[in-house]
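This report refers to the structure that appears directly beneath it.
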Amino acid sequence: MSGANTLAQIRVGPAGWSYPDWAGYAYPSPKPKGFHEATYLAEFFDTIEINTSFYNPIRAEHAAGWIGRVAANANFMFTAKMWQRFTHEPNPSAPNPRVEDEKLVRAGFDVLRDAGKLGAVLLQFPFSFHRTEETFAYLDGVLKRFADYPLVVEVRHATWNVPEVFELLRKRGVGFCNIDLPVIGKSLEPSARATGPVGYIRLHGRRYDTWFSDDETIASFERYNYLYSEGELRPWAARVDKVAKAARDVYVITNNHYQGKGVVNALQLISMLKESKVQVPEPLRVKYPELERIASEGPREPRLF
């Protein structure tokens, strides 16, 4: 879809698709024969952020398979997270990853790019990645190394919120990832910046109580167990429109994934941006009755309650 008063393409979708807790929420349960999560989501969204590529490089045959899975939606584009070896392990400012590591990353990304289905490669750096002379140089080196991809940088520490960082991104034609997360200490606050042809926004949720928790008794998914209210989303819809006036393509990714909450919020954002009702997955509308207000079709089966 296009934003208001802009020709930019805006695509909204969830981060990832392989979550056991989505069964009976985002996905039907049991799943029908031949069901594939990406195919199903592509009926409702024009993008999904691949997050498995953060943990291990994508295999070429898997990338080719995913392209086939979403082929029915001609407007669909994947985005993908860079392998953590380039952003997290063991320290991003340590000696550069090996050439072999780069080849592994490129094997899957190249398949997506060559098919015209790679909208962005996200370099997601952790909160611990502070701006220093060494880390700034490391970042620039990674941007040069993968300059042939549509890159986007996500940093979370406020030391990066300085003009020279945005100048570097503009110089390299790299997008800046605008984020929503618990603003604790030196965390970056919400923004609406566009530094390259690709605009990017990620919503992580606002679980202040679990975001930086070291309590091992708290499940890891609790960091993302957060449902944005419509009132919390509306300022982001305005930011999306602002980014869309300065970028060619805009991707809005909801990473508050537990029990399909990110899917709910992505649908609500699409409805806000289009100012119209949207198609809603049947299991999700049962679990989240607030979706009835934006559903373009009535329930498939009558309900007693």
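Side-chain contact between Leu267 and Pro281: present, with at least one pair of heavy atoms (C-beta onward) separated by less than 4.5 Å. Residues Leu188 and Asn161 have side chains in contact (heavy-atom distance under 4.5 Å, counting atoms from C-beta outward). The shortest distance between side-chain heavy atoms of Asp249 and Pro197 does not fall below 4.5 Å. Looking at Phe176 and Phe166, their side chains come closer than 4.5 Å, going by heavy atoms from C-beta outward. Counting heavy atoms from C-beta outward, Leu143 and Leu168 have side chains that approach closer than 4.5 Å. Taking 4.5 Å as the limit, some side-chain heavy atom of Trp83 sits within range of a side-chain heavy atom of Asp101. Contact check for Thr79 versus Val198: no side-chain heavy atoms found under the 4.5 Å cut-off.
The CG atom of Leu169 sits 11.0 Å away from the SG atom of Cys177 when rounded to the nearest 0.5 Å. Note that CG of Asp110 is 3.5 Å distant from OH of Tyr149, once rounded to the nearest 0.5 Å. Separation of atoms CZ (Phe109) and CG (Leu118) is listed at 7.0 Å; rounding is to 0.5 Å. Atoms CG and CG, from Leu233 and Leu203 in turn, are 7.0 Å apart once rounded to the nearest 0.5 Å. Between the CZ atom of Arg156 and the OG atom of Ser187 there is a distance of 9.0 Å, given to the nearest 0.5 Å. Annotation: the span from Lys277 atom NZ to Ile294 atom CD1 amounts to 9.5 Å, rounded to 0.5 Å.
Scanning both residues, Lys287 and Gly24, for their nearest heavy atoms gives CE-O, 3.3 Å. For the residue pair Ala247 and Ala8, the shortest heavy atom distance occurs at O-CB, 3.3 Å. Nearest heavy-atom pair across His204 and Ile179 is NE2-CG2, 4.2 Å. Closest approach of Ala38 and Ile48 over heavy atoms only: CA-CD1, 4.2 Å. Of all heavy-atom pairs between Ile10 and Ala244, the closest is CD1-CB, 3.9 Å. Contact between Ile253 and Pro14 at its shortest, heavy atoms only, is CG2-C, 4.0 Å.
Side-chain atoms of Trp236 and Asp180 form a donor-acceptor pair, as typed in the model, at a separation below 3.5 Å. Between the side chains of Thr254 and Tyr228, not a single donor N or O lies within less than 3.5 Å of an accepting N or O. At a cut-off of 3.5 Å, with distance as the only test, no side-chain donor of Tyr226 or Asn265 sits close to an acceptor on the other residue.
Under a cut-off of 6.0 angstrom, the local environment of CD in Glu133 is sparse, with at most 12 non-hydrogen atoms contributed by other residues, nucleotides or ligands. Surrounding NZ of Lys274 are at most 12 heavy atoms belonging to other residues, nucleotides or ligands under 6.0 Å away.
Judged purely by atom type and a 3.5 angstrom limit, Thr132 uses its side chain to pair as donor or acceptor with the backbone of Glu134. A donor-acceptor pair is defined here as one N or O able to donate and one able to accept, closer than 3.5 Å; such a pair exists between the side chain of Thr47 and the backbone of Met77. A donor-acceptor distance shorter than 3.5 angstrom exists from the side chain of Thr195 to the backbone of Val174, with no hydrogens or angles considered. No donor-acceptor pair under 3.5 Å is formed between the side chain of Asp114 and the backbone N or O of Val111. In this structure a side-chain-to-backbone donor-acceptor pair under 3.5 Å is present from Glu232 to Ser229. A side-chain donor-acceptor contact under 3.5 Å links Ser271 to the backbone of Ser276. Formation of a donor-acceptor pair under 3.5 Å by the Asn178 side chain with backbone atoms of Tyr200 is found in this model.
Note on residues 166-176: pairs passing side chain to side chain donor-acceptor pair (under 3.5 Å), not counting sequence neighbours, are Asp140-Arg172.
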Given side-chain contact (heavy atoms from CB on, under 4.5 Å), test Ile58 with Ser53 step by step and report yes or no. CA-CA 5 Å; Ile58 303 169; Ser53 53; 3.6 Å; yes
Applying side-chain contact (heavy atoms from CB on, under 4.5 Å) to Arg285 and Glu292, what does each step give before you reach the verdict? CA-CA 7 Å; Arg285 69 192 299 165; Glu292 292 292 347; 2.8 Å; yes
Would Lys103 and Arg98 satisfy side-chain contact (heavy atoms from CB on, under 4.5 Å), going step by step from the backbone distance to the final call? CA-CA 9 Å; Lys103 289 180 179 178; Arg98 300 171 302 170; over 6 Å; no
Under the side-chain contact (heavy atoms from CB on, under 4.5 Å) criterion, do Gln268 and Val280 qualify, and how do the steps go? CA-CA 10 Å; Gln268 291 173 321; Val280 175; over 6 Å; no
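Tracing side-chain contacts under 4.5 Å through hydrophobic residues (I, L, V, M, F, W, Y), one reaches Phe125 starting from Leu151; they form part of the same cluster. Follow the hydrophobic side-chain contacts under 4.5 Å out from Tyr251 and you never reach Met82; the two are in separate clusters. Each of Val152 and Leu181 belongs to its own hydrophobic cluster when Ile, Leu, Val, Met, Phe, Trp and Tyr are linked at side-chain heavy-atom distances under 4.5 angstrom. Residues Val165 and Leu122 do not share a hydrophobic cluster, clusters being chains of Ile/Leu/Val/Met/Phe/Trp/Tyr side chains in contact below 4.5 Å. Hydrophobic clustering places Phe44 together with Leu273 (ILVMFWY residues linked when any side-chain heavy atoms are closer than 4.5 Å, directly or through intermediates).
For Asp148 and Arg106, the salt-bridge test passes: some basic side-chain N is under 4.0 Å from an acidic carboxylate O. The residues Arg131 and Glu164 are annotated as salt-bridged, a charged nitrogen and a carboxylate oxygen being separated by less than 4.0 angstrom. Classification of Lys81 and Glu49 as a salt-bridged pair fails, no side-chain N sitting under 4.0 Å from a carboxylate O.
Glu290 pairs by the salt bridge (charged side-chain N to carboxylate O under 4.0 Å, His left out) definition with nothing, not counting sequence neighbours. The salt bridge (charged side-chain N to carboxylate O under 4.0 Å, His left out) check on Glu230 picks up Arg234, Arg293, with sequence neighbours excluded. In this structure, the ring pair (Phe, Tyr, Trp, His ring centres under 6.0 Å) partners of Trp160, at least two apart in sequence or on a different chain, are Phe129.
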Atom pairs and distances, side-chain donor-acceptor, residues 62-76, under 3.5 Å, sequence neighbours left out:
from  : atom 1 : to    : atom 2 : distance (Å)
Asn73 : OD1    : Asn75 : N      : 3.0
Asn73 : OD1    : Phe76 : N      : 3.4
Asn73 : ND2    : Ala42 : O      : 3.0
Asn73 : ND2    : Phe45 : O      : 3.1
Asn73 : ND2    : Asp46 : OD1    : 2.9
Asn75 : OD1    : Arg11 : NH2    : 3.0
Asn75 : ND2    : Asp46 : OD2    : 3.0

For residues 25-34, which side-chain N or O atoms pair as donor and acceptor with protein atoms under 3.5 Å away, sequence neighbours left out?
from  : atom 1 : to     : atom 2 : distance (Å)
Tyr25 : OH     : Gln259 : NE2    : 3.4
Tyr27 : OH     : Trp17  : O      : 2.7
Lys31 : NZ     : Glu37  : OE2    : 2.9

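Between Tyr40 and Phe35, the two ring planes are tilted [angle within 30° to 60°].
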